[in-house]
Amino acid sequence: MLMSLVIAHRGAKGTAPENTLRAIQLAAEQGAQWVELDVMLTADQVPIIFHDPVLVLSAEVPLLVKDTPWKRMQNLQVAAPVGSKEASAPIATLEQAAKLIHQLGMGLNLEIKPAAKGLGELTLKRSLEVLEKSPALNLVISSFDFTALQAAKQLAPNIPRALLYETLTKHWRDEVRNYQVRSIHLADVASLNPTIIASIRELGLEVYVYTVNSVERAEELISWGVKGIFTDYPAKFTRLIATTSKRVSAYGDPV
Ligand code: G3P
Ligand code: MG
């Protein structure tokens with residue numbers, strides 16, 4: 001198994017400011033063994049953990065991440081989710097996140113999320129440079145961006161790669177072959193069904209699904225052969241994690 005049954009999406013995004021060190025810490029406290037984070041580059045090519053290419057600051061003109069140097073961003077705060085008791089938290093660099101994930105003994109699914117079109121390869125390269133200097137981690141690199149996956153295949157062939165799709169493309173089998181991925185990460189859309197999961201598994205790949213915040217839905221997906229789910233609320237899945245190893249699905253995997 002490449003990752004774990006439950007992966008904390010952008011950290012424990014449901015209860016903490018997403019993609020921050022606090023979100024990673026809280027994910028660990030909620031029992032997650034793996035965390036998914038998005039990485040993009042600032043104007044001065046610092047890999048930061050951030051989801052949106054645009055920084056919206058209240059009463060200010062929005063800033064584009066790709067045009068903003070790290071020095072300008074490092075004092076900015078990511079807001080906690082509405083209703084959360086958590087405080088806002090600073091934007092984290094990949095270097096800071098990797099160090100914390102190592103201390104917590106977690107795995108990292110790093111999603112390469114270029115801040116603009118054409119930055120996939122550079123984002124991958126700069127991220128690898130940081131990871132090479134960081135303590136060793138269990139890693140999976142995923143992306144919607146094919147240029148990032150191509151660069152990962154060339155520069156870090158031993159780190160497992162994953163294709164990210166909302167739904168499978170017409171040419172997904174060619175893409176699997178081109179980028180030599182080990183898993184496919186799919187959105188939890190209404191059209192997802194056991195046949196789709198089975199067609200991916202036939203190629204020997206694992207399937208992970210985002211974003212699943214219902215335990216019942218997670219159980220259904222796992223019964224279809226999905227290996228794990230990305231969730232904003234790892235704490236909801238404590239019982240599922242505890243009972244998983246004791247049951248086996250019709251597809252021969254733990255449920
Ligand atoms: O990697 C799974 C998921 O994070 C992809 O969507 O928009 O949340 O980055 P998004
Ligand atoms: Mg993501």
Side-chain angles (χ1 to χ4, degrees), residues 1-21 23-24 26-27 32-41 47-56 65-66 78-79 81 91-94 97-98 101 106-117 119-120 123-124 127 131 137-146 148-149 152 159-169 172 175-176 179 181-189 192 196-197 200 205-214 217-218 221-222 226-234 237:
M1 188 158 171
L2 290 166
M3 303 196 284
S4 53
L5 181 77
V6 171
I7 302 149
H9 182 230
R10 306 185 205 170
K13 170 185 185 293
T15 39
E18 67 174 39
N19 278 326
T20 63
L21 299 183
I24 298 167
L26 213 55
Q33 294 168 323
W34 276 70
V35 66
E36 185 263 3
L37 301 173
D38 307 294
V39 66
M40 59 179 63
L41 297 182
I48 58 162
I49 302 303
F50 208 72
H51 183 268
D52 302 307
V54 181
L55 268 165
V56 183
V65 172
K66 74 172 181 61
V78 181
I91 297 170
T93 61
L94 175 58
I101 290 167
M106 301 174 92
L108 170 62
N109 173 199
L110 189 65
E111 181 190 338
I112 308 294
K113 185 85 106 184
K117 214 170 172 342
L119 290 178
T123 308
L124 181 280
S127 299
L131 291 170
L137 291 178
N138 285 328
L139 274 168
V140 169
I141 289 178
S142 61
S143 195
F144 290 103
D145 186 302
F146 296 154
L149 292 175
I159 301 177
R161 291 174 294 285
L163 271 161
L164 259 168
Y165 296 115
E166 293 222 357
T167 55
L168 289 179
T169 56
W172 71 272
E175 287 148 12
V176 163
Y179 307 113
V181 297
R182 305 263 303 273
S183 59
I184 289 184
H185 303 174
L186 291 175
D188 187 16
V189 293
L192 188 60
I196 293 170
I197 306 300
I200 299 171
L205 305 182
E206 295 186 357
V207 186
Y208 295 84
V209 176
Y210 64 92
T211 305
V212 181
N213 291 328
S214 143
R217 178 60 171 163
L221 291 167
I222 292 159
V226 167
K227 279 282 183 191
I229 53 104
F230 299 90
T231 185
D232 302 331
Y233 300 94
F237 295 84

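Note that ligands are numbered from 1 as they come in the structure, with each ligand's atoms numbered from 1 the same way.
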Hey, are the side chains of Val65 and Val54 touching, using non-hydrogen atoms and a 4.5 Å cut-off?
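They are not in contact (no side-chain heavy atoms under 4.5 Å apart), so the answer is no.
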| message | With a 6.0 Å cut-off on the ring centroids, do Phe230 and His185 count as close? | response |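 Centroid distance Phe230-His185: below 6.0 Å, so yes.
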Ring centre gap for Tyr165 and Phe144 strictly below 6.0 Å: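 Centroid distance Tyr165-Phe144: not below 6.0 Å, so no.
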Checklist entry - Between atom CD1 of Ile229 and atom CG of Asn213, what is the distance when rounded to the nearest 0.5 Å? => result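 So the CD1 of Ile229 and the CG of Asn213 are separated by 7.5 Å.
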- Task: Find the distance between CG (Leu186) and CG (Leu221) and round it off to the nearest 0.5 Å.
- Result: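 Here the interatomic distance stands at 10.0 Å.
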Review point. Mind counting the protein N, O or S atoms sitting less than 2.8 Å from the Mg ion (ligand 2)?
Key: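 That number is 3, waters not included.
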message = My understanding is that only residues two or more places apart in sequence, or in another chain, count here; which of them pass salt bridge (Lys or Arg N to Asp or Glu O under 4.0 Å) with Glu36?
response =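 By the salt bridge (Lys or Arg N to Asp or Glu O under 4.0 Å) rule, Glu36 matches no residue at all.
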query: For Ser142, which residues count as a side chain to side chain donor-acceptor pair (under 3.5 Å) partner, sequence neighbours excluded?
result: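 Side chain to side chain donor-acceptor pair (under 3.5 Å) list for Ser142, sorted by chain: Asn109.
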(request) Ignoring hydrogens and angles, tell me if any N or O in the side chain of Ser143 forms a donor-acceptor pair with the backbone of Ile112 under 3.5 Å. (result)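 Confirmed, Ser143 side chain pairs with Ile112 backbone.
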Discussion item. Heavy-atom contacts with ligand 1 below 4.0 Å: which residues, ordered by chain and residue number?
Written reply: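 Heavy-atom contacts below 4.0 Å: His9, Arg10, Glu36, Asp38, His51, Glu111, Lys113, Leu164, Tyr210.
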inquiry  = Would you say Thr169 and Glu175 are linked by a side-chain donor-acceptor pair, where the criterion is simply a distance under 3.5 Å?
reply    =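 On atom types as modelled, these side chains qualify, holding a pair under 3.5 Å.
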